[in-house]
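First up is the structure itself, then whatever we jot down about it.
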Amino acid sequence: MPELPDVECLRRYVDATSLHQTIDAVAVDAPRMLKDTSAEKLRATLEGKTFRGTARHGKHLLIDVADGPWLMLHFGMTGRLDYARQEGEPPRHTRLEIRFAEGYRLVGIWQRRLGEIAIVTDPASFIEARGLGPDALDLGLDAFEQLFAGRRGTIKSALMDQRFIAGLGNVYSDEILFRARIDAARQARDLTDADLAELHRALLHVLRLAIERQADPERLPDSWLLPHRSTSAHCPRCGTRIEKVETAGRAGYRCPNCQA
DNA sequence: AGTACCACCTGACGGC
DNA sequence: TGCCGTCAGGTGGTAC
């Protein structure tokens with residue numbers, strides 16, 4: 001699930017639970033998820049240190065190691081975190097376990113091993129090296145419009161391109177387009193200033209509200225597309241049957257009546 | 001430059 | 001019950 005709102009919630013979770021405790025053990029059970037590092041290097045980097053803060057850019061969570069580099073986590077399609085006392089077995093699919101001296105542990109759980117664990121120097125150099133676009137929540141309307149000048153391809157592929165804007169995936173890009181009443185298949189270059197303004201408003205509204213509701217699908221308004229992502233569902237605005245549209249092998253959903 | 005497709009992983013679900 | 005294809009909210013590489 002992890003798109004920007006989910007990762008922002010995970011960031012706040014780490015802030016609320018895992019700062020300022022001495023790390024006394026680190027275990028990794030997914031060598032392929034380690035990017036440019038090794039389990040050994042990760043242990044050497046973290047053990048004996050503390051986390052002192054967090055940052056997020058798009059779907060990437062960055063954790064500041066006091067007197068050290070940053071730990072970067074990417075959650076792929078199924079990643080999440082869990083903080084609890086060290087007792088019993090960690091949850092199924094735990095791939096990363098960080099034990100704190102005070103008796104608690106923070107674990108990373110990835111059912112599928114699609115995700116990433118890395119050590120990076122700092123957020124700015126990481127963003128630069130990855131070529132990530134600006135974080136979706138950092139874009140003012142002017143910057144948003146600037147970004148679209150000369151952009152080719154469909155609006156949906158632009159929204160989902162992490163080098164263009166960081167943070168949106170399949171579900172939230174559909175949600176934003178639904179709110180703005182814009183068809184995902186439209187060419188980005190054909191959007192008018194009014195379309196872009198509407199899209200920008202929808203983007204901020206959807207992301208902010210999703211974060212406020214802890215990115216929990218159960219708590220999102222029924223007026224959103226998200227609870228109706230199925231071809232047996234109907235548009236919460238006009239009742240038209242929701243349509244499934246394949247784009248680049250991904251299943252998108254839209255209301256064929258509302259979105260033009 | 002954009003798009004299509006495959007690969008990377010694992011599990012759930014529906015059809016036969 | 002069991003096997004099999006399909007699908008799931010991500011990303012990167014490659015081939016047009």
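A note on names: the letters A, B, ... follow the listed sequences, proteins ahead of strands, and every chain is numbered from 1.
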Next on the checklist: Does anything in residues 19-41 of chain A form a salt bridge (charged side-chain N to carboxylate O under 4.0 Å, His left out)? List the pairs, not counting sequence neighbours.
Outcome noted: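 Every salt bridge (charged side-chain N to carboxylate O under 4.0 Å, His left out) pair that includes a residue of residues 19-41 of chain A, provided the two are not neighbours, is A:Glu40-A:Arg43.
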Just N and O in the side chain of [X]: are any of them under 4.0 Å from OP1 or OP2 of [N]?
| X | N | result |
| --- | --- | --- |
| A:His93 | B:dG11 | yes |
| A:Ser157 | B:dT3 | yes |
| A:Arg152 | B:dT3 | no |

Next on the checklist: The criterion is side-chain hydrogen bond (donor to acceptor under 3.5 Å, both in side chains); which residues satisfy it with A:Ser125, sequence neighbours excluded?
Outcome noted: A:Asp122
Next on the checklist: Mind checking if A:Glu116 touches a base, just sugar-phosphate, or nothing, with heavy atoms under 4.0 Å?
Outcome noted: nothing
Item to check | Sugar-phosphate, base or nothing in reach of A:Arg92, heavy atoms under 4.0 Å | outcome: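 Sugar-phosphate, backbone atoms only, no base.
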Checklist entry - Who are the salt bridge (charged side-chain N to carboxylate O under 4.0 Å, His left out) partners of A:Arg151, not counting sequence neighbours? => result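 Testing A:Arg151 for salt bridge (charged side-chain N to carboxylate O under 4.0 Å, His left out), a comparison that skips the adjacent residues, returns A:Asp161.
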Checklist entry - Excluding sequence neighbours, so at least two apart, what forms ring pair (Phe, Tyr, Trp, His ring centres under 6.0 Å) with A:His200? => result A:Phe144
Checklist entry - For A:His74, what residues pass the ring pair (Phe, Tyr, Trp, His ring centres under 6.0 Å) criterion, not counting sequence neighbours? => result A:His60
Checklist entry - Looking at the side chain of A:Arg32, which of B:dT3, B:dC8, C:dG9 is the nearest nucleotide? => result B:dC8
Checklist entry - Given C:dT11, C:dG9, B:dT10, which nucleotide is nearest the side-chain atoms of A:Lys59? => result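 Selected nucleotide (nearest to the side chain): C:dT11.
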Checklist entry - Do the charged groups of A:Asp6 and A:Lys59 touch, with an N to O distance under 4.0 Å? => result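 Salt bridge: no.
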Checklist entry - Given a cutoff of under 4.5 Å between side-chain heavy atoms of I, L, V, M, F, W and Y, with clusters grown through shared members, what are the other residues clustered with A:Ile109? => result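 Besides A:Ile109, the cluster holds A:Val107.
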Checklist entry - If you link I, L, V, M, F, W and Y whenever their side-chain heavy atoms are under 4.5 Å apart, who else ends up in the same group as A:Val120? => result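 Answer for A:Val120: A:Leu62, A:Trp70, A:Met72, A:Phe126, A:Ile127, A:Leu132.
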Next on the checklist: Using a strict heavy-atom distance below 4.0 Å, which residues from residues 105-114 of chain A are in contact with DNA chain B?
Outcome noted: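 Only A:Gln111, A:Arg112, A:Arg113, A:Leu114 qualify.
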Next on the checklist: Can you pull out every side chain to side chain donor-acceptor pair (under 3.5 Å) where at least one residue sits in residues 127-144 of chain A? Sequence neighbours excluded, please.
Outcome noted: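 Sorted pair list: A:Arg56-A:Asp135, A:Glu116-A:Arg130.
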Checklist entry - Tell me, which pairs form a side chain to side chain donor-acceptor pair (under 3.5 Å) where one or both residues lie in residues 233-245 of chain A, sequence neighbours left out? => result A:Glu243-A:Arg254
Next on the checklist: Using whole Å, what does the distance between atom P of nucleotide C:dT6 and atom CD of A:Glu246 come to?
Outcome noted: 13 Å
Checklist entry - Heavy-atom distance under 4.5 Å between the side chains of A:Leu19 and A:Arg52, does that happen here? => result no
What protein N or O atoms touch nucleotides 13-15 of chain B N or O atoms at under 3.5 angstrom, if any, and at what distances?
none

Item to check | Whole-angstrom distance between C:dC3 and B:dC8, as gauged at atom C1' | outcome: 24 Å
Checklist entry - 5'-most contact on DNA chain C: A:Val171 or A:Arg130, nearest heavy atom basis? => result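 The 5'-side residue here is A:Val171.
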Checklist entry - If pairs are Watson-Crick or G-U with both distances under 3.5 Å, what is the dot-bracket string of DNA chain C, marking crossing pairs with [ ] and pairs to another strand with |? => result .|||||||.|||||||
